[in-house]
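Here is the structure we will look at.
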2 protein chains.
Amino acid sequence: MKNQIKELRKAKKISQQELADYCKVTRQTVNAIENEKYDPSLQLAFDLARNLNTTVDTLFISEK
Amino acid sequence: MKNQIKELRKAKKISQQELADYCKVTRQTVNAIENEKYDPSLQLAFDLARNLNTTVDTLFISEK
DNA sequence: CAATATTGTCAAATACTCTTTACATTTTTA
DNA sequence: TAAAAATGTAAAGAGTATTTGACAATATTG
């Protein structure tokens, strides 16, 4: 599963910490997901999409 | 998190078992998600959406 | 009605998500 | 260049997702 979090976050000019705060998770969680250590839960995927003004289907790319 | 899995599955006239097979999970997993016992992983959300000919953003409704 | 398919549910075990704490490295800014 | 901010990473533990096996209840079909 790939994602465009880093690109959209930078386009919005916010830090991992700020995005993490908006989504109510830790900075390390955002960092791990950006660097594809693991996939977020479905709820967190929705929270990330919302805070980056996009949709889950465009933020994440299921490689199948 | 709400979802429209049951409605779309019935519209397609397939059983929980068939949908589970397509997504490579157990019947119990599909049943639990339909009945909102817990949310699927992000990957399974994409698999469910794809097999029901829809998108994650329309199949699931994040209540926030 | 009887047989079969489908669905609901439960408990125990395993795998994965996420947090916390901590420290190192890189980037930005004064 | 020095200080501050941002990022990368790792280990341990809590909480959640999924599997397996099993049994009961409901719906469908012959």
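Each chain gets a letter, A, B and so on, in the order the sequences are listed, and its residues count up from 1. Values reported hereafter were calculated over all heavy atoms of this structure, with side chains retained and with hydrogens, waters and symmetry mates removed.
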So does B/Thr26 get a side-chain nitrogen or oxygen closer than 4.0 Å to the phosphate oxygens (OP1/OP2) of D/dT20?
no
So, does A/Arg9 use its side chain to make a donor-acceptor pair with the main chain of A/Ile14 at under 3.5 Å?
yes
Sugar-phosphate, base or nothing in reach of B/Thr29, heavy atoms under 4.0 Å
base
Is any side-chain N of the basic residue among B/Lys12 and B/Glu18 closer than 4.0 Å to the acidic one's carboxylate O?
no
Taking CG from A/Asn31 and P from D/dA10, how many angstroms apart are they, rounded to a whole number?
11 Å
Which whole-number value in Å describes the distance from B/Lys24 NZ to D/dA17 P?
23 Å
The answer to which of A/Gln28 and A/Val25 contacts DNA chain C further toward the 5' end, by nearest nucleotide, is A/Val25
Picking from D/dT7, C/dT17, C/dT19, the nucleotide nearest the side-chain atoms of A/Gln16 would be D/dT7
Please determine, for the side chain of A/Ser15, which listed nucleotide (D/dT7, D/dT19, C/dT6) has the closest atom?
D/dT7
Do B/Phe46 and A/Asp39 touch side chain to side chain, with heavy atoms closer than 4.5 Å?
no
For C/dC18, does either OP1 or OP2 sit under 4.0 Å from a side-chain N or O belonging to A/Ser41?
yes
Between atom NZ in A/Lys6 and atom C1' in C/dT27, what is the gap in whole Å?
13 Å
Round to a whole Å and report the spacing from CD of A/Gln43 to P of D/dG15.
19 Å
Does C/dT6 have OP1 or OP2 sitting under 4.0 Å from an N or O in the side chain of B/Arg9?
no
Measure from CD1 on B/Ile5 to P on C/dT6 and round the result to the nearest Å.
18 Å
Length of the line joining A/Arg27:CZ and D/dG8:C1', which is rounded to integer Å
8 Å
Can you tell me which residue among A/Asn35, A/Leu44, A/Asp21, A/Val25 is in a side-chain contact (heavy atoms from CB on, under 4.5 Å) with A/Val30?
A/Val25
May I ask you to evaluate whether A/Lys10 reaches the phosphate of C/dT27, defined as a side-chain N or O under 4.0 Å from OP1 or OP2?
no
Between atom CG in B/Asp47 and atom P in D/dT18, what is the gap in whole Å?
10 Å
Does the side chain of B/Met1 reach to within under 4.5 Å of the side chain of B/Ile61, using non-hydrogen atoms?
no
Mapping B/Lys37 and B/Glu18 onto DNA chain C by nearest heavy atom, which one lands closer to the 5' end?
B/Glu18
Rounded interatomic separation in angstrom, taking CG from B/Asn35 and P from C/dT9:
6 Å
